[in-house]
Amino acid sequence: MDKKKALVVGGYGTVGSIISEILAKDERIMPVIAGRNESRAKELAHKLQVEWRTIDICDAKSISSALPNIGVIINCFSGPFTHAPLLLPELSAKSGIHYMDVSGSYEYTERFLKLNELALKNNMTLITALGTNPGIPGIALMSAKDDFEMLESGRIVFVFGTRLDGISASSLKELKHMFDVKPLIWKKPRWIKPNASSRKEYVGKPFEREVYLGVSVTRDLLTIPELVDVDELSFWSGSQSTGQGLVMIAGLKLGLTRSDRGAQLFLNMLKQMGKTKQSIPGALIKVEVTGMKQGIRQKRTMEMYCDENYATALAPAIACQQIVEKKITRRGAFVPPEIVPATDFMDRLGKFAIHSSVATEEC
Ligand SMILES: NC(=O)c1ccc[n+]([C@@H]2O[C@H](COP(=O)([O-])OP(=O)(O)OC[C@H]3O[C@@H](n4cnc5c(N)ncnc54)[C@H](OP(=O)(O)O)[C@@H]3O)[C@@H](O)[C@H]2O)c1
């Protein structure tokens, strides 16, 4: 059987190399390692015994020469995706190739979704924002929709551990743009500005103390009330250490991540600051939903404690497998809650090295 070739752009980077390693173990798929640096692409391709290509996502000629015989593109270039060109998804659709990326950018998603007509015209599937956050929380929420007869509320909590192991300089640069997005919560029938936009809360293990959380919103979540009839929906994020979180926000606002070197130095400083006896390496995603199941009102809490880069890599790797298995067949430009088969995705996610749990109680 011919393997489906998945071009992993940024394939030797932090997230991309994990995706490449996961896909190299799938006998139906061959990752093709791509980036601007030929020797780095070759080196990993040689190790995994797969193919490699060079590509610059800002250059149409370079993209076109990398696309022959590719079936799926997974874009995890270093970003920020905010204000990045849409050339790659556009040329992907025009060349008859499915596309997905790990963007965390609200601004990029707004532009990306306008590629819907182009994707439909070319009978292709384009998916953006498939990562740890955004990505997995929205899919987890949709998996509850598959199981409940009626959903009443959804609340997502995302907390970084102070070691910031899963944050690279690239991710930190994108975070600056994420913090610029105005917070919103869904109170049926509309998205509104929240009255109280922050609170201290005990979020459970492994964070054994109260964490300061702020409300924000990611672009994928805006689609959820269009897909599910839900009364309330909110997204809260924070850091294990309030001090570290505040320094991060201040540094991002001051523009310390403007250059690559500045972003790396600032990240090193934040990591140094986070080194304490209690410091925790990964990130916690907690999704709480309430709703009716078999006539009984229930609250379900799904928790995932993970390395952010690893979980980010799993999201497109799983969606790529779903495309190959024809579990994703709709065409157009989407965010994950609209297109990713959620229960199947969560089942597969649980098979990887992620600490996950689901608890249901009557309420
Ligand atoms: N949604 C989420 O939850 C989430 C979580 C973590 C990370 N991310 C995102 O994931 C992306 C990758 O992060 P990372 O930590 O893996 O970054 P990284 O380690 O810096 O790797 C980035 C890769 O992209 C390649 N690249 C950079 N510019 C390129 C271009 N113009 N054309 C083609 N390739 C290019 C780099 O190689 P060359 O420089 O040699 O070309 C490198 O291989 C970032 O955009 C980050 O924001 C998202």
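- At least one donor-acceptor pair under 3.5 Å links the side chain of Ser259 to the backbone N or O of Gly262.
- For Arg209 (side chain) and Gln240 (main-chain N/O), a donor-acceptor pair under 3.5 Å exists by modelled atom type.
- Contact record, Gln264 with Ala169: OE1-CB, 3.4 Å, taken as the closest heavy-atom pair.
- Every residue two or more places apart in sequence or in another chain that forms a side-chain contact (heavy atoms from CB on, under 4.5 Å) with Ile296 is listed here: Gln298, Glu362.
- In terms of heavy atoms, Ser279 sits closest to Gly274 at CB-O, 3.0 Å.
- Of all the heavy atoms in Cys306 and Ile285, the pair that sits closest is SG-CD1, 4.4 Å.
- For Gly154 against Leu141, the heavy-atom pair with the smallest separation is CA-CD1, 4.3 Å.
- Across all their heavy atoms, Tyr212 and Ser198 have their closest contact at OH-OG, 3.3 Å.
- Other cluster members for Met124: none, since no ILVMFWY side-chain heavy atom sits under 4.5 Å from it.
- When every heavy atom of Val247 is checked against every heavy atom of Met273, the shortest pair comes out as CG2-CE, 3.5 Å.
- In the hydrophobic clustering, where aliphatic and aromatic side chains (Ile, Leu, Val, Met, Phe, Trp, Tyr) are joined below 4.5 Å either directly or transitively, Ile280 groups with Val157, Val159, Ile185, Ile192, Val203, Phe207, Val211, Leu213, Val215, Trp236, Leu284, Tyr305.
- Checked by atom type and distance alone, the side chain of Thr82 never pairs as donor or acceptor with a backbone atom of Ser105 at under 3.5 Å.
- Applying the side-chain contact (heavy atoms from CB on, under 4.5 Å) rule to Arg297 yields the partners Glu152, Thr290, Met292, Cys363; only residues at least two apart in sequence or on another chain are considered.
- Among pairs with a residue in residues 130-175, those fulfilling ring pair (Phe, Tyr, Trp, His ring centres under 6.0 Å) read Phe158-Phe160, at least two apart in sequence or across chains.
- Listed by chain and residue number, Phe77, Tyr108 satisfy the ring-ring contact (aromatic ring centres under 6.0 Å, His included) test with Phe81 (two or more places apart in sequence, or in another chain).
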